[in-house]
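Comments concern the structure below.
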2 protein chains.
Amino acid sequence: MPTIGFETHDHHACVSDAMAKAEARCAASDLRLTPVRRRVLELLLAEHRALGAYDILGHLSAEGLGTQPPVAYRALDFLVKAGFAHRVEALNAYIACTHLGADHAPAFLICRNCRSVAESNTALTQGRLGDAARAAGFQIEHTVVEAQGLCPACQTGDAA
Amino acid sequence: MPTIGFETHDHHACVSDAMAKAEARCAASDLRLTPVRRRVLELLLAEHRALGAYDILGHLSAEGLGTQPPVAYRALDFLVKAGFAHRVEALNAYIACTHLGADHAPAFLICRNCRSVAESNTALTQGRLGDAARAAGFQIEHTVVEAQGLCPACQTGDAA
DNA sequence: CCAAGATTGTTATAATATAACTCTTGTTAG
DNA sequence: CTAACAAGAGTTATATTATAACAATCTTGG
């Protein structure tokens, strides 16, 4: 499961592949990929960058798909619960999942300059934190792993 | 560096020890632990729980130390920059550092029921995410590692 | 068709955070 | 000593993120 996001790749295929997987998954799991939900997923897939709920809402609003915050938040909640997108806590923002289909605990590399985000994965419960949790009797249900810094492109021109 | 937060311990000593270390560090580094900053640190130390900025502001306000949001946010910013407190991204909240003095990348175990937080530490840059970052040419500056779940006390009565 | 449940529309408001300007205080160069 | 400066604190206003609550509509199975 490689890191994706800073490498050049066939982005058109990357998007259509993800949409196809999401559709298949919805059909299989009796989930409904309604027009708003589909469009929000497309918007997130279009960029390997984190988008705020109100960025999303701006697009939806321009396209006549809804004007009020709950429209965006509901669609994002659906996508996150379905595993099609992730919430990036450090940015209060959202990003499409690039490992769709795989059962994974996501980890992010977040560029503080261009806000691009690469998704990797983690085996946190097997590492030191997992040891600490077991020792303390703490039951881990969900993990947030986010590293902030500079992506390759932003290290040269810099913008510190 | 053990996990602290879910174990019973001499809390009075834990608090006064932390205050003493903070004072020493301020004296050594030419930082000013002003009345508001000191009080906010005391409030955070009083509980091994994450407190929101407006929780803090409520206390300050009741004590005549300031009534407007910037008062709390400035004090919290100072404490975080000085390393006396950490921001918990998943909760938009703040907690006193329990490893004061040690140079560390904090990791948190967060109980979703009682909001108590234990601070452990991480060696993230040495693990899989570190490998992924190096492979991608990403330069890590700061890490957020937060595990959410149930603490020992909340697993029995549960509250799922 | 009808009922039940899921989804969407809409209004209002809550919760979190910062910009920008003023005033005070403490330090220091002259 | 004192003017000038820097750091901190007071204050007003507003930006950003998020949710509660209820009404309307659509979808599906019986």
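To find a chain, count down the sequence lines: A is the first, B the second, and so on, and within it residues start at 1.
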- request: State, without any angle test, whether A:His99 and A:His86 hold a side-chain donor-acceptor pair at a distance under 3.5 Å.
  value: no

query: Pick the nucleotide of DNA chain D nearest each of A:Asp77 and B:Arg74; which residue has the one closer to the 5' end?
result: B:Arg74

message: Counting only heavy atoms and a strict 4.0 angstrom limit, can you tell me which residues of residues 64-72 of chain B come near DNA chain C?
response: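 Nucleic-acid contacts, sorted: B:Pro69, B:Pro70.
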
Those residues of residues 26-38 of chain B lying under 4.0 Å from DNA chain C by at least one heavy atom: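 Output list: empty, so none.
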
field: salt_bridge(A:Arg74, A:Asp77) N-O dist < 4.0 Å
entry: no

Nearest-Å distance, [atom1] ([X]) to [atom2] ([N])?
X: A:Ile56; N: D:dA18; atom1: CD1; atom2: C1'; answer: 15 Å
X: B:Leu57; N: C:dT18; atom1: CG; atom2: P; answer: 14 Å
X: B:Leu76; N: C:dT16; atom1: CG; atom2: P; answer: 12 Å

query: Atom CG of A:Leu76 and atom CG of A:Leu44: how far apart are they, to the nearest 0.5 Å?
result: 6.0 Å

Is [Y] close to [X] at the side-chain level, that is, under 4.5 Å between some pair of heavy atoms?
X: A:Arg134; Y: A:Asp131; answer: yes
X: B:Glu42; Y: B:Val15; answer: no
X: A:Leu31; Y: A:Phe78; answer: yes
X: A:Asn121; Y: A:Pro106; answer: no

Looking only at atom types and distance, does a side-chain atom of [X] sit under 3.5 Å from a main-chain N or O of [Y], one as donor and one as acceptor?
X: B:Ser16; Y: B:Ala13; value: yes
X: B:Glu146; Y: A:Glu89; value: no
X: A:Arg37; Y: A:Arg32; value: yes

- line: For DNA chain D, the dot-bracket notation using Watson-Crick and G-U wobble pairs below 3.5 Å, [ ] for pseudoknot-type crossings and | for other-strand pairs, is ||||||||||||||||||||||||||||||

Report all interatomic pairs (protein N or O, nucleotide N or O of nucleotides 15-17 of chain D) with separations under 3.5 Å.
none

task: State which residues pass salt bridge (charged side-chain N to carboxylate O under 4.0 Å, His left out) with A:Asp17; sequence neighbours excluded, sorted by chain then number.
output: A:Lys21

- prompt: What pairs with A:His142 under ring pair (Phe, Tyr, Trp, His ring centres under 6.0 Å), at least two apart in sequence or on another chain?
  reply: none

- prompt: Does one hydrophobic cluster hold both B:Ile95 and B:Leu51, with members joined at side-chain heavy-atom distances below 4.5 Å?
  reply: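 In one cluster: no.
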
